[in-house]
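Owing to the predicted nature of the structure, the values given are computational and were not obtained by experimental measurement. Because only heavy atoms are used, hydrogens play no part in the values below, and waters and symmetry mates are left out as well, while side chains stay in.
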Amino acid sequence: MNSTTLSYFSDKGQGTVRLDLTYQPGIALVTLDNPKRHNALSGKMMVEFHHIITRLEKNTNDLVAVIFIGADLKSFCAGLDLSFAREYLSNPKDTMAINEMMYHAIDKLTQLPLITMAVALGGSIGGGSELITAFDFICMSQESGFVHFVQTRMGVSSPWGGMARLISIVGKKKGLIWMAGGAKIDAKEAFEHGLVDLLVEKDLDCLDQTLLFLKPFLWVDESTQKRVSPVAVRGMKQLAVVKKEETDWKLVQSILSGTLFSKL
């Protein structure tokens, strides 16, 4: 990743992304914290996200899983922070640079040697709908959870690689209807089509149910504190995400450059 891009955007915008490596035994927690903007990502937050993913790549302790959650438990992620964008992304060069950074950071997220799971309360909108496709598992609440693919309504394509990942989950036809068609999908529909893995009724139950969902990756017998081998679980994850030929940044870049600022 271009160090100039990381340095330039490191103090641009509000909000923060926090990493707690000791959230639970074997489980880290990443919090997207910009609640006034529905946890939309500023430049500062995207740089922090990049650094956190890089740190998790180099994990050498007993971590097995990492949970991603939105602050205040009201929104997961509203994509790009538009107030940040209006102030700092006035030209195609900077816009392309920040999208390239997030494309690679999210791609690295998909390749982490850890089980990744999103607790997606509230909305996953725009870039948030691209991010949501990158996790191994998703917990969503029927009370508030939804995904809104607003990219084409905003005049852009799929800058963070979400289209290719969505198609691998729900198939080409449904992926096109959802993302290219600007669909808003509630939690039940997302679950029925395999995008969501754990559907709970109430927001307050989502995090606890996520921890229960992750238990088989952690414990042979929790009552005796006998752990599954973290090395074995991480090895299984590495085997599950062996790189296949897929859309790369060069193609994403060429398509995106033709759609940036195209909205009338």
Do [X] and [Y] have side chains that get closer than 4.5 Å, going by heavy atoms?
X    : Y    : value
L121 : S75  : no
H51  : L19  : no
M140 : D186 : no
L131 : F76  : yes
T116 : K237 : yes
L73  : I69  : yes
V66  : L29  : no
Q142 : F191 : no

Any side-chain donor paired with an acceptor under 3.5 Å for [X] and [Y]?
X    : Y    : answer
N39  : D33  : no
K44  : S10  : no
Q111 : E57  : no
T5   : E100 : no
E48  : T16  : yes

>> Please report the interatomic distance CD1(I106) to CE(M46), rounded to the nearest 0.5 Å.
In response: 9.5 Å

Less than 3.5 Å apart, which donor and acceptor atoms pair up between the side chains of residues 208-218 and the rest of the protein, not counting sequence neighbours?
residue : atom : partner : partner atom : Å
T210    : OG1  : C206    : O            : 2.8
K215    : NZ   : E222    : OE1          : 2.8

Would you name the heavy atoms of [X] and [Y] that are closest together and state the gap between them?
X    : Y    : answer
I53  : L112 : O-CD2, 3.8 Å
N34  : A40  : ND2-O, 3.0 Å
I138 : V196 : O-CG1, 3.7 Å
C77  : L41  : SG-CG, 3.9 Å
K202 : S141 : C-OG, 3.4 Å
P113 : Q238 : CB-CG, 3.8 Å

>> Under a 3.5 Å distance rule, please check whether T95 uses its side chain to pair with a backbone N or O of N91 as donor and acceptor.
In response: yes

> More than 12 heavy atoms of other residues, nucleotides or ligands under 6.0 Å from NE2 of H148: is that the case?
Replying inline: yes

>> Other residues, nucleotides and ligands only: do more than 12 of their heavy atoms fall within 6.0 Å of CD on E192?
In response: yes

> Any salt bridge between D203 and K74, counting N to O under 4.0 Å?
Replying inline: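 No salt bridge links D203 with K74.
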
>> Against F68, only a single residue in T31, L109, I52 fulfils side chain to side chain contact (heavy atoms under 4.5 Å, CB included); can you say which?
In response: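 That would be L109.
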
> Does NZ or CZ of K12 come closer than 6.0 Å to the centre of the six-membered ring of F84, within 45° of the ring's axis?
Replying inline: no

>> If we check side chain to side chain donor-acceptor pair (under 3.5 Å) with S158, which of these qualifies: E130, Q151, R165?
In response: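 With S158 as partner, E130, Q151, R165 yield a single side chain to side chain donor-acceptor pair (under 3.5 Å), made by E130.
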
